[in-house]
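Each chain gets a letter, A, B and so on, in the order its sequence line appears, and its residues count up from 1. Values below: every heavy atom of this structure, side chains too, minus hydrogens, waters and symmetry copies.
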2 protein chains.
Amino acid sequence: MKQSAAESKSQRIARVLEAEIRSGTLTDGAALSSENALVERFAVSRTTVRKGLGILAAKGLIRTKVGIGSFVTYGGAVIDSGSGWSLSLADGRARLGTRILRIARLPMDLDDPAPQGEMLAVDRIRFREETGQGLTLERARVPWRDDYEAVLSEGLNGGSLSRTLAARGLSPATGEEWANVLCALPAGDAALMGRRAGEPMLRLRRLTRDGHGGLFEYVESVLDPEVFGLHMEF
Amino acid sequence: MKQSAAESKSQRIARVLEAEIRSGTLTDGAALSSENALVERFAVSRTTVRKGLGILAAKGLIRTKVGIGSFVTYGGAVIDSGSGWSLSLADGRARLGTRILRIARLPMDLDDPAPQGEMLAVDRIRFREETGQGLTLERARVPWRDDYEAVLSEGLNGGSLSRTLAARGLSPATGEEWANVLCALPAGDAALMGRRAGEPMLRLRRLTRDGHGGLFEYVESVLDPEVFGLHMEF
DNA sequence: AAGACAAACCTGTCTAGACCTGTCTACCAT
DNA sequence: ATGGTAGACAGGTCTAGACAGGTTTGTCTT
């Protein structure tokens with residue numbers, strides 16, 4: 001077999017496996033085949049397979065444990081504790097696009113956690129690419145720090161606020177998450193999402209704290225109930 | 001065998017048992033099943049079971065005596081599990097009454113798990129005592145066994161199906177749970193609950209399996225979204 | 001009724017082997 | 001120098017046993 005010039009074998013392996021993960025063939029939490037099985041499947045050496053898996057691990061798509069194997073960690077938007085909810089797409093294959101509504105510095109504007117002064121606010125919508133209809137509306141608030149100035153101008157690392165914070169060495173120590181039914185979508189949110197007001201929606205609120213109990217991040221999400229659900233294994 | 005997270009089998013066993021201890025299913029001083037029984041239940045080797053028990057012992061949750069068995073030594077407050085989600089009453093203290101709609105032997109009548117033949121069915125409503133309005137509607141299905149005959153005539157142990165099963169030495173090895181928004185309460189369920197049809201509701205589905213992957217229990221619940229939510233700490 | 005004994009449990013400990021990832025080295029090709 | 005191959009080795013995880021010794025219980029004997 002001829003090797004396409006631009007892509008090494010390990011990159012190809014990573015690409016094929018990533019496609020299987022993102023397409024849902026390999027679902028969240030599922031075990032990948034063992035390295036030796038992948039050696040068989042791709043007819044390459046184990047070194048090459050491991051390089052490919054390394055690429056996926058660096059992207060955060062899989063995690064591997066000695067003596068056990070590699071596991072898909074994509075889509076578990078929550079924690080890696082293995083014992084939490086993960087948000088799941090109930091509706092098989094919906095292609096999601098993302099649009100950032102704003103990244104701004106402003107006083108706390110959400111009701112729930114005690115007012116905390118200036119915040120870094122990130123509002124984001126995810127929408128169905130075919131129709132443009134908004135499927136999720138997420139409002140994240142993080143206590144302002146001066147080194148967030150760069151975020152305002154340069155945006156987020158990989159579109160993810162948690163990744164942006166992690167890149168600054170910030171990660172939460174504890175947290176809570178609530179899920180409930182929002183019986184009627186408010187008109188303002190409906191307009192932003194391109195939906196009808198009054199629809200029932202799935203609502204998630206997530207509050208994380210740093211080691212000293214201070215607010216780390218607060219996220220409020222409204223999700224299309226036809227597409228999103230929560231899933232847990234135990 | 002499919003493993004659900006990047007977690008070793010012994011860790012999973014420890015986690016499941018810890019949840020049972022902390023949730024009060026296994027109370028202080030109670031004996032755990034013997035190691036060989038746990039081998040059966042989780043379908044793993046005794047070495048692995050012992051590793052799991054070792055984790056619990058290291059946490060001080062159990063103590064084991066030669067020739068006798070392992071015992072729960074967790075005396076502390078039996079608050080909620082800490083791992084996984086717990087159903088929480090959003091609406092402070094609503095006094096709940098319980099009404100069993102039926103306990104019956106019948107062929108599988110719910111859509112979700114593959115049809116399994118005869119089932120023990122328990123349908124139950126929880127309602128607000130002040131108003132009589134139904135807050136939850138739960139349908140539980142368990143594959144029929146002949147020794148359930150007594151359940152049909154004598155009812156459940158303490159009103160709980162899981163407790164009834166546990167009393168017969170039956171407990172699940174693994175399970176999954178889904179939560180989503182039921183956009184419109186069907187008319188039939190609405191009549192049972194004394195609610196208006198078409199209301200949005202919170203819907204939970206829970207499927208547990210025995211160690212060999214066979215169906216253990218399936219429960220479908222519909223919950224008042226004003227009163228119930230999901231909560232998780234991590 | 002009291003004691004001895006055996007069977008059936010239980011945990012503690014050990015082994016051999018299968019299969020897994022992590023790491024290393026030596027070598028080849030472009 | 002880079003990317004791939006092939007193999008060896010260490011160590012983690014799990015299985016399937018065997019064996020020793022503690023505990024309980026029922027039964028048989030005295």
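For A:Lys9 and D:dT5, the shortest distance from a side-chain N or O to OP1 or OP2 is below 4.0 Å. Regarding contacts with the backbone of C:dC10, a side-chain N or O of B:Ser34 is found under 4.0 angstrom from either OP1 or OP2. Note on A:Ser10: a side-chain N or O is less than 4.0 Å away from OP1 or OP2 of D:dG4.
Between the CG atom of A:Asn36 and the P atom of D:dT5 there is a distance of 14 Å, rounded to whole Å. The distance between atom CG of A:Leu38 and atom P of C:dC19, rounded to the nearest whole Å, is 16 Å. In this structure, the CD1 atom of A:Ile55 is 14 Å from the C1' atom of D:dG4, given to the nearest Å. In this structure, CD of A:Glu35 is placed 16 Å from C1' of D:dT5, rounded to the nearest angstrom. Going from atom CD1 of B:Ile68 over to atom P of C:dC10 covers 12 Å, rounded to whole Å. The nearest whole Å value for the distance from the CG atom in A:Leu53 to the C1' atom in C:dT23 is 15 Å. In this structure, A:Phe42 atom CZ and D:dG4 atom C1' are separated by 16 Å, rounded to whole Å. One interatomic measurement links the two molecules: CD of A:Glu40 to P of C:dC19, which rounds to 13 Å at whole-angstrom precision.
In this structure, the side chain of B:Thr208 engages the main chain of B:Glu217 through a donor-acceptor pair within 3.5 Å. A side-chain donor-acceptor contact under 3.5 Å links B:Gln11 to the backbone of B:Ser8.
Using a 4.0 Å cut-off between charged nitrogen and carboxylate oxygen, B:Glu7 and B:Arg15 count as a salt-bridge pair. At a threshold of 4.0 Å, the pair B:Glu35-B:Arg50 counts as salt-bridged, since one of the basic side-chain nitrogens sits closer than that to a carboxylate oxygen.
Counting any heavy atom pair closer than 4.0 Å across all strands shown, A:Thr47 reaches a base atom.
If you run side-chain contact (heavy atoms from CB on, under 4.5 Å) between B:Leu53 and each of B:Thr64, B:Leu61, B:Leu17, only B:Leu17 comes through.
Position along DNA chain D of the nearest nucleotide to B:Val66 versus B:Thr48 favours B:Thr48 as the more 5'-ward residue.
Comparing D:dG3, C:dT21, D:dC14 by their closest approach to the side chain of A:Lys51 singles out D:dG3. Side-chain atoms of A:Arg46 lie closest to C:dT21 of the nucleotides D:dT5, C:dG12, C:dT21. Comparing atom distances between the A:Arg50 side chain and each of D:dA16, D:dT13, C:dT21 picks out C:dT21 as nearest.
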